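Worksheet: one structure, shown below.
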Amino acid sequence: MSAKERKQEADACKAMKPFGFTQLQVKSAIKELLPLYGGSWELIKDSKYEVLLEFLLSKNEEEDKVAKSKPKVGKKCSTEAPKNMVEVLPLALPAISSDSEDSQPLLRRSRRRQQTDKSNPVMMQTSVGKVQDNENERPCGSQCSFNAEDMEIPLVRLLPWHQIEKASAFKKKSNLQLVESTVERVGCVAGQSSKSFGEEIAESTQLHGRNAVNDAKLLSHEGYEEDKCKKVDSSQIDKLFCHKRKRSLRSASRQEKGKTPLKPHGVVVGGGLTSDLGTAISCLATIVEPKKEQIPASELDEVPLAVVHPETVEKQTSACGTIKAIPYVEDVCKGEERVKIPLVNGCADEELPDFLYISQNFVYDKAYVNFTLASITDRDCCTRCFKDCLTCCMPCACANRTGGEFVYAPGGLLKDSFLEEIISSQRFKRPKLIFCRDCPLERSKGKYEPKSCKGHLERNFIKECWSKCRCSKQCGNRVVQCGISVALQVFQTPEGKGWGVQTVNDLPRGAFVSEYVGEIITNAEMHERNIQSRSGNKHIYLVPLDADWYTEGILEDEKALYLDGTLYGNVARFINHRCCDANLVGIPVEIESPDHHYYRFAFFTTREIAAMEELTWDYGIEFGEQDHHQPVQAFKCLCGSSFCRDINR
Ligand SMILES: C[S@@+](CC[C@H](N)C(=O)[O-])C[C@H]1O[C@@H](n2cnc3c(N)ncnc32)[C@H](O)[C@@H]1O
C-alpha cells in the first residue's frame with residue numbers, strides 16, 4: 001500500500017470514527033469496497049464517505065440479523081435501552097408511502113436510518129426520559145418516554161389530491177400534502193417552519209404523551225427531507241381546514257409576503273399537532289377558496305387605524321327588492337381588532353349602529369376589578385413552563401382549575417368533552433342553577449328577602465395562561481386573549497332582528513369566535529341603566545358576570561358585575577339570541593384575575609358552522625310576563641328555533 005493510500009485509509013477511519021466504527025471495521029470495508037468501485041478512492045470519498053458509511057451500516061445490520069436469528073443462551077446484562085422503549089423513527093420509517101423503502105437498496109435504508117437517529121432527540125431520550133414526580137406542574141419541554149407496546153403504527157399512503165376537496169387550489173401555492181393511514185385519514189404538511197427539526201420532534205413528542213404516539217409515523221415523501229419532519233394531529237386536520245388562529249394567520253401572512261426567510265420543513269403524520277402545523281393548515285384555510293370579504297392574510301399585520309363611517313354607498317338591489325343605497329362599513333372595529341369586520345348589506349333606511357368599538361373591557365366607574373400580580377399565586381400560574389403548556393407531558397398548574405386537564409386541544413379548538421359538558425348543562429337538560437344567599441340582582445330591586453334569588457347558571461370556567469406564566473405567548477393555552485381571528489361580518493338580518501353577525505368561512509366545532517366586550521358596570525349601575533333604557537323603550541345589551549355570586553354571603557355591589565356592550569362594545573354586541581340550539585355558547589374565561597367576580601366571557605362554536613350562517617347564542621332569557629326580574633329585557637323572539645321559548649311570539 002502506497003503512502004497516499006495509507007493516508008486515504010487513515011482519513012476514512014477518522015471520518016467513520018464518530019459513527020462508532022473501529023479502524024478494523026473500516027479497513028475491512030474498504031478492502032471489500034475498493035474493487036467494487038474500480039479502485040477509485042474518489043467515489044468512496046464522495047459526499048463525505050457516504051458510500052463507505054452506508055456500506056458499514058448495512059454490514060452492521062446484516063450482522064445484527066444473523067445474531068438475532070441465533071438461539072439465545074442465557075440472559076445477558078445490557079446497558080442498551082430496554083426493547084420496549086420506543087424507537088420512534090426507525091419503526092416509523094419502513095412503511096412510509098407507496099414508494100416503499102423496501103424497493104430501495106439496503107445501503108440507502110441504512111443511511112436514512114442513521115441520519116434520522118442522529119437528528120432525533122426523541123430516540124436519544126427514550127431510554128433515559130423520565131416522567132417527573134410532581135403531578136401538578138410539569139415544565140414544558142421535559143422529555144417523555146413511551147412504551148412500544150402501546151404503539152400500533154399504521155401504514156400510510158399518500159392521498160391523491162383530486163380526492164381531497166378543495167385541495168388543488170392550495171396545492172399550487174404550497175407544499176402541503178395530505179395522506180391517509182390505515183387507521184384514519186391524516187394530514188401531512190410540508191409548510192414552513194422556523195424551528196429546528198429537533199425542536200419540532202421534541203415538541204410533538206411531548207405533545208403526544210404516552211398514548212398518542214399510537215399512529216405516529218414520519219413520512220418520507222419525494223421532494224422533502226425526511227429529517228425535517230414533524231407530526232400532526234390527524235383528528236384535527238379536517239377541522240383545521242376551516243380554523244384559523246390569529247398567530248397562524250400572522251405566520252401565513254409572513255409566509256405569503258415572503259417577509260421572513262423561513263426554513264422549509266418536511267412531511268408529517270401522526271398523533272399530535274404543533275402550533276406550526278396549525279400555521280401550515282391555516283395557510284390552507286386562508287388560501288383555499290379565498291372570499292372577497294375575507295381579509296387577505298397578508299393584510300393582517302397592516303390593519304389601518306380606520307375610523308368607522310360608511311365608506312361606500314353602493315347602488316344595489318337590496319333584500320327588500322328595490323334599488324337602494326347600501327351602506328358599507330369596511331371595518332366596524334376601526335382597527336381595534338387584528339381582523340377587519342365589515343358591516344355589509346344594510347338597507348339605506350336602516351340606522352347604523354351607534355356605539356364605540358372597544359376590543360377589551362373597561363371599568364365604567366365603580367366596578368372593583370383587581371388585576372394585581374400579587375393576587376396570582378403560584379397555584380394560579382405556571383412558574384416552570386416555557387414554550388407551549390399543551391405540549392407538556394403533564395398538565396401544568398394552569399390546568400388545575402379545569403380538573404387537571406387543559407380544555408384546549410392543540411390547534412386551539414375546545415376539547416369535545418369540555419364543550420359537551422357545557423352545552424348539555426345549558427341546553428336541553430334542565431339548566432343547573434345555583435342560588436345566592438343574598439342575590440345582588442334582587443337586592444338592586446330593593447328586595448332584601450333571602451331566598452329571592454331566581455338562580456344563576458352554574459358555569460365551568462376556561463383558565464388560560466397569562467402574563468405571570470412562564471410559557472410563551474404562543475402557548476396553546478392562550479386562545480381568547482389572542483383576540484378574534486375568524487372572518488366575521490355584521491349584517492342586516494332578514495327576519496327583523498336588526499343587525500347580526502355571520503361567519504365568512506366555515507367554522508369547526510369548538511372554535512373561539514369572539515369575546516363579549518363592554519363596559520364593566522356594577523349591579524347598581526346596571527339597575528340605573530335598566531330603568532333609563534326601559535323608560536325610553538330601549539334595550540341594553542348586558543351580560544351578567546354572575547358565575548361566582550353564590551359563593552359569597554353578601555356580595556358587595558361593586559363586585560357584582562355586568563358587561564354592558566350597548567354604548568361601548570365589540571362585535572359580539574351584534575350577536576343575536578337563539579333559544580336552546582344556538583351555534584355559539586358563552587363560556588367564562590379566567591385570564592388575568594383568579595378572582596371570579598370578574599372574568600372574560602367568550603363565545604365558542606357548539607357545532608360546525610357553514611360560511612355565511614348567522615352566529616347566535618342563547619341569552620338565557622325567560623320570555624313571558626315574569627321577565628321583569630331579568631337584567632336582559634325580553635323581546636318578541638324571532639330566532640326561528642323549533643325550541644323557541646317565547647310562547648307569545
Ligand atoms: C345584543 S343585541 C343584538 C344586536 C342587535 N340585533 C342590533 O341590531 O344591534 C340584542 C338585541 O337584538 C334584538 N334581538 C336579538 N335576538 C333576537 C331575536 N331572536 N329575536 C328578535 N330580536 C332579537 C333585540 O332587540 C335585542 O334587544
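Every number for a ligand or one of its atoms is a count from 1 in the order of the listing. Keep in mind that what you see is a predicted model, and the values were worked out from it rather than measured.
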| said: Between Thr566 and Asp564, does the side-chain hydrogen bond (donor to acceptor under 3.5 Å, both in side chains) criterion hold? Intermediate values first, please. | reply: CA-CA 6 Å; Thr566 320; Asp564 183 356; 2.4 Å; yes
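Phe491 meets the ring-ring contact (aromatic ring centres under 6.0 Å, His included) test with no other residue; sequence neighbours excluded. Partners of Trp617 under the ring-ring contact (aromatic ring centres under 6.0 Å, His included) rule, at least two apart in sequence or in another chain, are Phe601, Phe603, Tyr619. Legend: residues meeting salt bridge (charged side-chain N to carboxylate O under 4.0 Å, His left out) with Asp548, ordered by chain and number and at least two apart, are absent.
Looking only at distances, no side-chain donor or acceptor of Asp618 sits under 3.5 Å from a matching main-chain atom of His577. With Lys463 contributing its side chain and Val407 its backbone, the two residues share no donor-acceptor pair below 3.5 Å.
Within 4.0 Å of ligand 1, protein heavy atoms belong to Lys497, Gly498, Trp499, His539, Tyr541, Arg573, Phe574, Ile575, Asn576, His577, Tyr619, Phe635, Lys636, Cys637, Leu638, Cys639, listed by chain and number.
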